[in-house]
Amino acid sequence: MNCRSVTVMGFALALTPLLSLQAQQPMPEDYPIHSMDRPQPRIVTPGRSAADAPSDATVLFNGKDLSAWQGDSAKPAPWIVRDGYAEVKPESGGIQTRASFGDCQLHIEWSAPTPASGEGQERGNSGVFFGGGRYEVQVLDSYKNETYPDGQAGAMFGQYPPLVNPARPPGEWQSYDIVFHQPRFGADGRMTSPARATVIMNGVVVQDNVSLTGPTAYQRRPPYEKHADRLPIVLQDHGMKVRFRNIWIRDLPGPRP
């Protein structure tokens, strides 16, 4: 992301949640230690590899179509699908999920265009947004590409640089595993708990439960404004042919009352 405006904030919001919220996580003091009365954890079958969706995940892109996504004004997603991946169609606009999500675990893989061209923010630029386009995990070709640290791949754009740079060369597939918690707001509209994010890039922790100062933006720090608890996931069109594949998401329990 850079000074180019992100139009995804104006997208029509999907109002029907795709996943039901899971039960609240019991606190240690809720039961005696080692109590057999404690609810047993739900059984989930993991994928055969880190990229495969577990049994309780919702697959957002299976390599065949973008039916779970839409473009601006709820139009069909205009990006190109081939060979198991979805490629940004430059200048067509970003895409967003038809369903809305709150606290979640997201797996997504992406690949920067080859041959590499441009420098800094003009190389393999895109973004993964939570909160309907408000909170961005930066996508960028950061392999031997110097730019401002809070704009590198794996950055919480404009706020937190990645702890390290584990970027692979352009053309190779990179993976993000993101745990995102939406901010909470009181009845008066004031933020009571900030958005938080953990990001694992290519198996390496690059964001460790960081608290966001507000929505991410270019050269400014906008304040929090009250919004819905569940909003679409957005992928950015920054005019570059970035590719995405193996996208799945899991709902996480919300905060205790």
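Just so it is clear, the values below take in all heavy atoms, side chains as well, and ignore hydrogens, waters and symmetry mates. Quick caveat: nothing in here was measured; it's all calculated off a predicted structure.
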**Message:** I'd like to know if Arg184 and Asp103 make a salt bridge, using a cut-off of under 4.0 Å between side-chain N and carboxylate O.
**Reply:** yes

**Prompt:** Between Arg245 and Asp83, does at least one N-O distance fall below 4.0 Å, as a salt bridge requires?
**Reply:** no

**Message:** I'd like to know whether the aromatic ring centres of Phe61 and Trp69 sit less than 6.0 Å apart in this structure.
**Reply:** no

State the [atom1]-[atom2] distance between [X] and [Y], to the nearest 0.5 angstrom.
X: His107; Y: Asn246; atom1: NE2; atom2: CG; value: 5.5 Å
X: Ile247; Y: Leu106; atom1: CD1; atom2: CG; value: 7.5 Å
X: Glu172; Y: Glu109; atom1: CD; atom2: CD; value: 13.0 Å

**Asked** Is the count of non-hydrogen atoms from other residues, nucleotides or ligands lying under 6.0 Å from Lys226 atom NZ greater than 12?
**Response** yes

**Prompt:** More than 12 non-hydrogen atoms from neighbouring residues, nucleotides or ligands closer than 6.0 Å to CD on Glu119, yes or no?
**Reply:** no

Within the side chain of [X], is there an N or O that forms a donor-acceptor pair under 3.5 Å with the backbone of [Y]?
X: Thr216; Y: Arg134; value: yes
X: Ser55; Y: Val44; value: no
X: Gln105; Y: Asp177; value: no
X: Asn202; Y: Pro166; value: yes
X: Asn125; Y: Leu140; value: no
X: Asp237; Y: Ser92; value: yes

**Request:** Taking the side chain as every heavy atom from C-beta outward, state whether Trp110 and Leu235 have any pair of such atoms under 4.5 Å apart.
**Result:** no

**Prompt:** Should the pair Phe180 and Phe130 be assigned to parallel (<30°), tilted (30 to 60°) or perpendicular (>60°) ring geometry?
**Reply:** parallel

**Request:** Consider only side-chain N and O atoms of Gln138 and Gln121, and report whether a donor and an acceptor are under 3.5 Å apart.
**Result:** yes

**Asked** Looking only at heavy atoms, which two atoms of Tyr135 and Pro183 are closest? And how far apart?
**Response** OH-CG, 3.4 Å

**Fill in**
Here the pair of heavy atoms bringing Glu87 nearest to Trp79 is O-CB, 3.2 Å

